[in-house]
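Start at 1 and go down the list; that is how both ligands and their atoms are numbered. Only this structure's heavy atoms are used, side chains among them; waters, hydrogens and symmetry mates stay out.
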Amino acid sequence: MAVRYIQTCRLPTPFGVFDMHGFEEPDTGKEHVALTLGDLNSPEPMLARTHSECLTGDALYSMRCDCGYQLEEALRSIAREGRGILMYLRQEGRGIGLLNKIRAYNLQDQGADTVEANEQLGFAADLRDYSMCRDMLAHLGIRSLRLMTNNPRKVDALTDLGIEIAERVPLHVGRNPHNEHYLNTKQSKLGHWFETHQDDDPAV
Ligand SMILES: Nc1nc2c(ncn2[C@@H]2O[C@H](COP(=O)(O)OP(=O)(O)OP(=O)(O)O)[C@@H](O)[C@H]2O)c(=O)[nH]1
Ligand SMILES: [Zn+2]
């Protein structure tokens, strides 16, 4: 979905002081943000995270998934490097929305896995669209990414949009007994790369 730039402000966080850039999808009114740090104009590939909204994991400390841990680690890594971008995309529940995600979690409480639950509700496993990233990166003048992700479909989707992924950087954090089955399903059914677990730390 196309987005237009609205405004920028400072965003101090425990990890560093970011610039927050706001964008809007004119067709839907959906709002997305990009947090940036450091020199945006250097041609060197930039450490980047495209993070899909997960209210439960990002804001409510849910341990059912790895989202909150990944969000924190991504911001920490960007701050450590002194340069990078985190695009926070408002596509909750892999695009099905918060209330449908609660319905999907309810089905998972009864034994379905994350993919089966989506399918039982009549949705594909992953409904996300990343085309807003192209506009956000173009607006900010960022050409090439070192993308923090374990999701091969995300790499393919961004590449298909013409976004250069110079490197894929693994982001393995937050594995715990509550999300073990979820992460294993992401690996077996959605193809996620969890080849090494040396960075996994439930305490993160
Ligand atoms: N439908 C559904 N969505 C979920 C479930 N668990 C987490 N999510 C959503 O999945 C999305 C996770 O997105 P990302 O953090 O980009 O993770 P990813 O696509 O697995 O890939 P990574 O880049 O490796 O993290 C968020 O929108 C969450 O709300 C679930 O059980 N069902
Ligand atoms: Zn989550």
Side-chain angles (χ1 to χ4, degrees), residues 30-35 47-78 84-133 136 145-159 161 163 165 167-176 178-197 199-200 204:
K30 264 195 193 167
E31 299 165 330
H32 308 282
V33 295
L35 305 192
L47 190 60
R49 168 84 181 148
T50 57
H51 191 89
S52 301
E53 179 173 15
C54 177
L55 180 85
T56 45
D58 298 341
L60 301 177
Y61 306 98
S62 170
M63 296 171 77
R64 290 189 77 130
C65 59
D66 52 350
C67 303
Y69 308 96
Q70 289 183 314
L71 178 63
E72 182 169 332
E73 180 60 20
L75 291 174
R76 219 180 263 288
S77 299
I78 291 168
I85 178 167
L86 181 135
M87 288 171 273
Y88 192 88
L89 310 174
R90 311 297 297 286
Q91 37 190 5
E92 172 64 68
R94 296 198 300 270
I96 66 176
L98 178 61
L99 299 182
N100 282 324
K101 189 171 83 170
I102 294 174
R103 290 188 175 103
Y105 275 168
N106 176 268
L107 292 171
Q108 290 172 59
D109 290 342
Q110 298 171 56
D113 68 32
T114 182
V115 170
E116 291 162 351
N118 261 40
E119 289 169 352
Q120 285 176 29
L121 292 169
F123 298 112
D126 191 341
L127 290 177
R128 285 175 291 178
D129 159 41
Y130 297 98
S131 55
M132 69 291 264
C133 298
M136 293 164 107
L145 307 181
R146 290 168 47 228
L147 188 71
M148 291 181 272
T149 184
N150 310 315
N151 184 350
R153 295 183 189 200
K154 201 182 270 188
V155 175
D156 290 347
L158 294 176
T159 303
L161 286 164
I163 296 168
I165 310 294
E167 183 188 347
R168 198 274 300 190
V169 179
L171 190 55
H172 297 156
V173 282
R175 185 175 282 263
N176 69 68
H178 303 284
N179 65 21
E180 183 81 34
H181 180 58
Y182 167 72
L183 295 179
N184 289 342
T185 303
K186 288 216 286 192
Q187 182 167 18
S188 62
K189 291 199 170 176
L190 299 174
H192 282 56
W193 294 296
F194 290 122
E195 57 284 295
T196 62
H197 301 305
D199 295 330
D200 294 352
V204 173

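Between C65 atom SG and C54 atom SG, the angle centred on the Zn ion (ligand 2) amounts to 120° (nearest 10°).
Only side-chain heavy atoms of N118 come within less than 4.0 Å of ligand 1; its backbone N, CA, C and O stay farther off. Residue contacts with ligand 1, taken as heavy atom pairs separated by less than 4.0 Å, do not involve T56 at all. The proximity of E53 to ligand 1, defined as any non-hydrogen pair under 4.0 Å, is limited to the backbone. Contacts with ligand 1 closer than 4.0 Å are made by no heavy atom of F123, backbone or side chain.
Screening R103, Q110, Q108 for a side chain to side chain donor-acceptor pair (under 3.5 Å) with N106, the sole residue that qualifies is Q110. If you run side chain to side chain contact (heavy atoms under 4.5 Å, CB included) between Y69 and each of H172, M63, R175, only M63 comes through. With M148 as the fixed residue, the side chain to side chain contact (heavy atoms under 4.5 Å, CB included) test singles out one of I78, T50, L86: I78.
Below 3.5 Å of separation, one finds an N or O of G93 facing an N or O of ligand 1. Annotation: Q108 places an N or O atom under 3.5 Å from an N or O atom of ligand 1; distance criterion only.
The R49 neighbourhood of ligand 1 comprises atoms 14 (P), 15 (O), 16 (O), 22 (P), 23 (O), 25 (O), with distances under 4.0 Å to a heavy atom of that residue. Here is the list of ligand 1 atoms found below 4.0 Å of a heavy atom in K154: 14 (P), 16 (O), 19 (O), 21 (O), 22 (P), 23 (O).
By heavy-atom distance, the residue among L190, N150, N151 lying nearest atom 21 (O) of ligand 1 is N151. Of the candidates R128, E92, Q91, R128 brings a heavy atom nearest to atom 13 (O) of ligand 1. For the residues R153, R168, Q70, the heavy atom positioned nearest atom 25 (O) of ligand 1 is part of Q70. Distances from atom 10 (O) of ligand 1 to the heavy atoms of R64, R94, H192 put R94 nearest. When the options F194, Y182, Y130 are ranked by their closest heavy atom to atom 7 (C) of ligand 1, first place goes to Y182.
Under a 4.0 Å heavy-atom criterion, L171 is not in contact with ligand 1. Under a 4.0 angstrom heavy-atom cut-off, Y105 registers as being in contact with ligand 1.
Scanning all protein heavy atoms for the shortest distance to atom 12 (C) of ligand 1 gives C67 SG, 3.8 Å. Nearest protein heavy-atom contact of atom 23 (O) of ligand 1 is T149 OG1, 2.5 Å. When hydrogens are left out, the protein atom nearest atom 20 (O) of ligand 1 is K186 NZ, 2.6 Å; that is the closest non-hydrogen contact.
When all heavy atoms of H32 and R90 are compared, the closest pair comes out as ND1-N, 3.0 Å.
Legend: residues meeting salt bridge (charged side-chain N to carboxylate O under 4.0 Å, His left out) with R64, ordered by chain and number and at least two apart, are D109.
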